[in-house]
Amino acid sequence: MPTTPAAPTESGPEPLDRLPGRQPAAAELARTAARRAGDLLAPPAPVRLGDVVPAPEQVTPDPAADFTLPADAVIRVSAAGRDVAEQLAEWLRPATGFPLPVADAPDADGPLALTLSEAALAAEGVADGLGDEGYRLDVTGSGVRITAATPAGLFHGAQTLRQLLPTTIESAAPVAEHWAVPGGTIVDRPRFPYRGAMLDVARHFFPVEDVLRVVDHLARYKLNHLHLHLTDDQGWRIAVDSWPRLAEVGGVTEVGGGPGGFYTQADYRRIVAYAARRHVTVVPEIDLPGHTNAALVAYPELAPGKVPPPPYTGTEVGFSYVDPADERTYAFVADVVGEVAALTPGPWLHLGGDEAFKVPADTYRAFVERAQALVAATGKTVVGWHQLASAGHVDGRVLQWWGTNGDDPETAAAVRRGARVILSPGNRVYLDMKYAADTPIGHDWAGLIDVRRAYDWDPGTHLTDVPAEAVLGVEAPLWTESVTTLAEVEFMLFPRLPAVAELGWSPRSTHDWDGFRERLAGHGPRWTAAGITFHPSPDVPWPATPTVPTQRTPDTTADSH
Ligand code: TNX
């Protein structure tokens, strides 16, 4: 809608500020007021090339080279990238209503081309190449080309392209829209190789379809690991053929007394395959030796004293453990990690290790060392909560930091012995923490975490005496004691998950709260269009909607950890 200032009644169409006797300041005010009124009615501002979350490494806009996707566009791709092209088409077809066929011959000129090429990357001017997840995206007047060395790189580039299209691209039904993409070039690759989120499916069980949707959310923001917390006191969620009662008996409870549930091996395979297609690696966690009440209900011979405990549906921690003095416990661990490893294509197996409060320190260490060896024997790399640090090293092992003070000599010592670290500081990225005191679900033991607090820290320097080179990446865990539905999962993930994704992906040089909150604001309407529930955090300047609260939460970002 036009935003020309209203012409003064007697003076004709001359610009207000050039009229004799008029104050330029008043004229400027009038013009601004008119522009504001226009803005209110105007469609959302066009997406700019730099509006991407997580922030790309290099963005070079060329406003003269904007491109509009035509209805007869064909996506051209080489054979190895075909599946990424098919997914891009699946994302774009519903809203555009365009057929978007996928065809071979990526080198032919066309409006959309995905090129897999090592050779092309050598010429891109990125010192050490785009690596196994980087991509280059070129938007010119004649089309969009994404170039990468791997399908994962193409996939991340395709997710970027999705964000560069108008918000309405998220619509599930065709929309009359000018499908413009801003011109220029993006060259992009991740800061850290491991970028993840954790879903606790043990405290409350979530059906396969919910997990798949969470995978989609991760993939949008270039997160590449989904950690599934599969076992805990309240439920055992993965079928194990050699110990069938684990799921059949241990799976039928959850916090609050609901029906629980478990994944059959076919369900789990479906999750890992769905994730793999989206370049997300599943990290299964079997929490040991504590957090095992559900296993003890199913197999009392694993319990110290051999007395079957009652099923547990509360939210306390630290009371249960498998009997470290019974050899059957180690047969159980070997069988379970063996089956889970065989079902899992990714390289990781998470052993838990947290809050085994009733196991004496030296017994705990000896147990963990045997369990780590059993995981290593499956060919997987051990991951565990940072409490594992006290046990001896095993090749490649990774400690997941969930403390709140940024300082742990035992973890630092384990790093000197060769461990790597995933950062999940409780007071920064625990997505089960409330945003504000009045958030209806969640905990607050690690503090209130609104978007700024989740965003404003540096994984490279967070832990005392742990150098950036030892940091494998970041992960945002979502514990589900109080989270019971997919909508509640999404409410806790959004908008904090994209903040964590940016910490994991974007170079530190792009870190900028003001810029981030502006870019993030543009995603609110996308989530709405996609049917994703989110918390309208007052930290973010959402485009005007009546649902946004105006009160700011107290600033909890004063300390550095
Ligand atoms: C601590 S973090 C736990 C979980 C709880 C969580 C709740 C960690 C390794 N253990 O068992 O669910 O706090 O915030």
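In each ligand, atom 1 is the first atom listed, and ligand 1 is the first ligand listed.
Residue Glu355 has at least one nitrogen or oxygen atom sitting less than 3.5 Å from a nitrogen or oxygen atom of ligand 1, judged on distance alone. For ligand 1, none of its N or O atoms has an N or O atom of Asp232 under 3.5 Å away. Some N or O of Arg203 is nearer than 3.5 Å to an N or O of ligand 1, by distance alone.
Compare Trp402, Trp479, Trp385 by their heavy atoms: the one nearest to atom 6 (C) of ligand 1 is in Trp479.
Atom 14 (O) of ligand 1 has its closest protein heavy atom at Asp432 OD2, 2.5 Å. Remark: minimum distance from atom 10 (N) of ligand 1 to any protein heavy atom is reached at Asp354 OD2, 2.9 Å. In terms of protein heavy atoms, atom 2 (S) of ligand 1 is closest to Tyr430 OH, 2.4 Å. Ranking the protein heavy atoms by distance from atom 13 (O) of ligand 1 puts Trp445 CZ2, 3.6 Å first.
The ring of Trp445 has its center closer than 6.0 angstrom to the ring center of Tyr430. Taking the centre of each ring, Phe516 and Tyr455 come in below the 6.0 Å mark.
Close approach of ligand 1 to His291 is summarised as follows: ligand atoms under 4.0 Å from at least one heavy atom of the residue are 11 (O). Counting atoms of ligand 1 from 1 in the listed order, those under 4.0 Å from a heavy atom of His443 are 7 (C), 14 (O). Remark: ligand 1 atoms within the under-4.0 Å shell around heavy atoms of Glu481 are 5 (C), 7 (C), 12 (O).
Between Phe332 and Trp236, the two ring planes are tilted [angle within 30° to 60°]. Taking the six-membered ring where tryptophan is involved, the planes of Trp243 and Tyr299 are perpendicular, since the angle between them exceeds 60° and thus also 30°.
His279 and Asn224 share no side-chain donor-acceptor pair at under 3.5 Å. A donor-acceptor contact under 3.5 angstrom links the side chains of His291 and Glu355, judged on distance only.
Arg517 is not listed as a side-chain neighbour of Val451, based on a closest heavy-atom distance of 4.5 Å or more.
Identified under the side-chain hydrogen bond (donor to acceptor under 3.5 Å, both in side chains) test for residues 313-322, with sequence neighbours left out: Asp233-Ser320.
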